Peer 1: 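Below: one structure in structure tokens.
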Amino acid sequence: KRSLVLSAPGKVILHGEHAVVHGKVALATALDLRTFLRMTPRQDGKISLQLPNLGSQLSWEAAELRPLLAAFSVELPEAQPPSAEQVEKLKEFAGGDYGHEAVQSVAAAAFLYLYLSVASKYGVLPTVDILVWSELPTGAGLGSSAAYSVCLAGALLFGCGAISYPLQEGQETARWTKEELDVINRLAFRGEQVIHGNPSGVDNAVSTWGGALRYISGQISVLKSVPTLRILLTNTKVPRSTKILVAGVKAKLLEFPTIMEPMLATIDAISRECEGILEAMTKDPSQEHYSRLEDLVDINQHLLNGIGVGHALLDRVCQVTSSHGLHSKLTGAGGGGCAITLLRPGRATWLQRRERARLFPGLLPRPATHTQGEF
Ligand code: PMV
């Protein structure tokens, strides 16, 4: 039998991070950095998971996993989210010498959860080698865990015969149908829940569907008429945990509801206002719209600092870019990770690698082609 190879993109959130966890609008777009998965059937009754980015290599006997099946039946979409107890059990079961909260342990638990869910629902325990490799930096706000979950969901659903692989003769790549992508997205959300605890679902939605999306409370709308925006992505390389940052915002919301709720509502209003501007830009490409977009970026960055997800290095990116007349905000969970800077047309020279290296010594090793997102 042949290998299956598939890929899913990372994402950039333009506006709405954190607020989206509390039922507000987020605007996000897929990035041209992807995660790739190769699944190869094996005959020796084993299942292996190789994650070269994390230096992790694990394998299990199918016979070892069989007794766990009963506990992981997933009836999509009504299923209960994975319980903290299940996740703990899976981390323990995953084995490896990585430490309890290590990213390798969490990634293995997400894999096992998805594997067992699909296997119990479809009654098949596929014995496969799975290799996942990513162009996305981990924990940088670019949705690496969602792209991982989407790749796993697609491969495992295919491995259990739940979805087809509609590759036509002569075609090099194929896309699943809308219905199949919907099933993949729902399962990937479960993987995100294992990894992040309480994700909004925006990351797996963008990674599944691609393109530019508006997302609110599980409702996904593809933004059909959006202008091309040039966005500079700066990775502060400050590591942080989405799970901890999301939990921190929730704790503040519980402690200061009358203060936090209006801030989240303002972020919602920013996303909605931005949507209107983007639509207007497709009809009228005048530069006037940019100053409004830039104002929204600045206001949101201040709000994100206000809700406690800023970082001194993100502020530094904002200061430096501001001294060049540019406007930046954090993207994703914040607390480090990446910032986005809106670039007006005609400012391409600012992207020059040497110039960036001078402005952010030690922060920007990525090639220029990988630093531009399109919105
Ligand atoms: O930093 P990332 O890529 O994990 O993005 C998280 C986005 C949040 O809004 C902070 C969380 C979520 O689940 O929507």
Side-chain angles (χ1 to χ4, degrees), residues 8-31 33-35 53 81-82 103 106-107 110 134-151 185-186 188-209 213-220 231 233-253 260 263-264 267-268 270-271 274 300-301 303-311 313-314 329-340 373:
K11 63 93 228 283
V12 167
I13 295 180
L14 190 57
H15 287 296
E17 47 273 274
H18 288 288
V20 67
V21 176
H22 304 279
K24 313 296 187 206
V25 173
L27 302 179
T29 183
L31 199 58
L33 294 171
R34 301 181 81 88
T35 293
N53 296 72
V103 63
V106 177
S134 189
E135 297 172 335
L136 292 157
T138 306
L142 303 182
S144 61
S145 64
Y148 171 70
S149 298
V150 170
C151 283
N185 185 40
R186 287 171 195 276
F189 182 58
R190 299 284 167 212
E192 280 281 85
Q193 286 178 317
V194 172
I195 300 170
H196 290 315
N198 183 27
S200 64
V202 64
D203 287 13
N204 50 283
V206 180
S207 189
T208 302
W209 297 101
L213 298 183
R214 171 195 213 266
Y215 184 92
I216 177 166
S217 302
Q219 279 176 281
I220 302 157
I231 290 170
L233 206 51
T234 306
N235 188 353
T236 64
K237 299 263 188 93
V238 176
R240 84 290 179 286
S241 148
T242 300
K243 189 176 181 174
I244 292 171
L245 286 151
V246 168
V249 172
K250 188 168 180 196
K252 276 207 174 72
L253 185 60
M260 291 289 285
M263 291 174 93
L264 297 178
I267 295 177
D268 184 69
I270 290 172
S271 295
C274 180
N300 200 1
Q301 173 61 15
L303 285 161
L304 288 162
N305 266 325
I307 66 171
V309 297
H311 186 276
L313 270 187
L314 289 165
K329 66 176 272 290
L330 66 84
T331 186
C338 286
I340 53 172

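Hydrogens, waters and symmetry mates are skipped; everything else that's a heavy atom, side chains included, is used. Quick caveat: nothing in here was measured; it's all calculated off a predicted structure. Both counts, for ligands and for their atoms, begin at 1 and track the order of listing.
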Peer 1: E17 heavy atoms, cut-off 4.0 Å: which ligand 1 atoms fall inside?
Peer 2: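 Going through ligand 1 atom by atom, the ones under 4.0 Å from E17 are 9 (O).
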Peer 1: For ligand 1, does L245 get within less than 4.0 Å through its side chain, its backbone, both, or neither, judged by non-hydrogen atoms?
Peer 2: neither
Peer 1: Looking at atom 1 (O) of ligand 1, what's its closest protein heavy atom, distance included?
Peer 2: R240 NH2, 2.6 Å
Peer 1: Please check this pair: side chain of T331 against backbone of A339, looking for a donor-acceptor N/O pair closer than 3.5 Å.
Peer 2: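 Between the backbone of A339 and the side chain of T331 there is no qualifying donor-acceptor contact (under 3.5 Å).
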Peer 1: Nearest 0.5 Å, what's the CZ-NE2 distance between F189 and H196?
Peer 2: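 Interatomic distance, F189 CZ to H196 NE2, rounded to 0.5 Å: 11.0 Å.
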Peer 1: Hey, is the main chain of N204 close enough, under 3.5 Å, to the side chain of T208 for a donor-acceptor pair?
Peer 2: yes
Peer 1: Tell me which protein heavy atom sits closest to atom 13 (O) of ligand 1, plus the residue, atom name and distance to 0.1 Å.
Peer 2: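 For atom 13 (O) of ligand 1, the nearest protein heavy atom is S200 N, 2.8 Å.
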Peer 1: By number and element, which atoms of ligand 1 are closer than 4.0 Å to a non-hydrogen atom of V202?
Peer 2: 14 (O)
Peer 1: Which of the numbered atoms in ligand 1 are under 4.0 angstrom from any heavy atom belonging to V21?
Peer 2: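 That gives atoms 11 (C), 12 (C), 13 (O), 14 (O) of ligand 1.
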Peer 1: Under a heavy-atom criterion of less than 4.0 Å, does G143 contact ligand 1?
Peer 2: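 Contact present.
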Peer 1: Any sub-3.5 Å donor-acceptor pair from E17's side-chain atoms to A333's backbone N or O?
Peer 2: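 It does not hold such a pair.
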Peer 1: Judged by atom type as modelled, is there a donor-acceptor pair below 3.5 Å linking the side chain of D268 to the main-chain atoms of V25?
Peer 2: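 Yes, D268 side chain to V25 backbone: donor-acceptor pair under 3.5 Å.
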Peer 1: Does the side chain of H18 reach to within under 4.5 Å of the side chain of L245, using non-hydrogen atoms?
Peer 2: yes
Peer 1: Are any non-hydrogen side-chain atoms of L14 and T29 less than 4.5 angstrom apart?
Peer 2: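 L14 vs T29: side chains apart.
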Peer 1: Which bit of K11 gets closer than 4.0 Å to ligand 1, counting heavy atoms only: side chain, backbone, both or neither?
Peer 2: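 Only the side chain of K11 comes within reach of ligand 1.
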Peer 1: Give the residue and atom name of whichever protein heavy atom lies nearest to atom 9 (O) of ligand 1, and the separation in Å to one decimal.
Peer 2: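 Checking every protein heavy atom, the shortest distance to atom 9 (O) of ligand 1 gives H18 N, 2.9 Å.
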Peer 1: Considering the heavy atoms of V20, write down every atom of ligand 1 situated less than 4.0 Å from one of them.
Peer 2: 9 (O), 14 (O)
Peer 1: Hey, which atoms in ligand 1 end up nearer than 4.0 Å to a heavy atom of P199?
Peer 2: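 Selected atoms, number and element: 13 (O).
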Peer 1: Kindly indicate whether the side chain of V12, heavy atoms from C-beta on, has any atom under 4.5 Å from the side chain of V206.
Peer 2: no
Peer 1: Spell out, as yes or no, whether a donor-acceptor pair under 3.5 Å connects the side chain of T236 to the backbone of C338.
Peer 2: no
Peer 1: For G141, take its heavy atoms, then give the atoms of ligand 1 lying under 4.0 Å from any of them.
Peer 2: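 It comes down to these atoms of ligand 1: 1 (O), 2 (P), 3 (O).
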Peer 1: At a 4.0 Å threshold, what atoms of ligand 1 neighbour a non-hydrogen atom of L142?
Peer 2: 3 (O)
Peer 1: What protein heavy atom sits nearest atom 4 (O) of ligand 1, and how far away is it?
Peer 2: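 Going atom by atom, the protein heavy atom closest to atom 4 (O) of ligand 1 ends up being T242 OG1, 2.7 Å.
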Peer 1: Can you list the ligand 1 atoms lying under 4.0 Å from a non-hydrogen atom of G332?
Peer 2: 1 (O), 5 (O)
Peer 1: Can you check whether V106 reaches K243 side chain to side chain, under 4.5 Å on heavy atoms?
Peer 2: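 No - every pair of side-chain heavy atoms lies 4.5 Å or more apart.
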Peer 1: Any N/O of A333 closer than 3.5 Å to an N/O of ligand 1?
Peer 2: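 Between A333 and ligand 1, an N or O pair is found under 3.5 Å apart.
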Peer 1: Do T35 and N53 have side chains that get closer than 4.5 Å, going by heavy atoms?
Peer 2: no
Peer 1: Would you check whether I13 reaches within less than 4.0 Å of ligand 1, judged by its heavy atoms?
Peer 2: yes
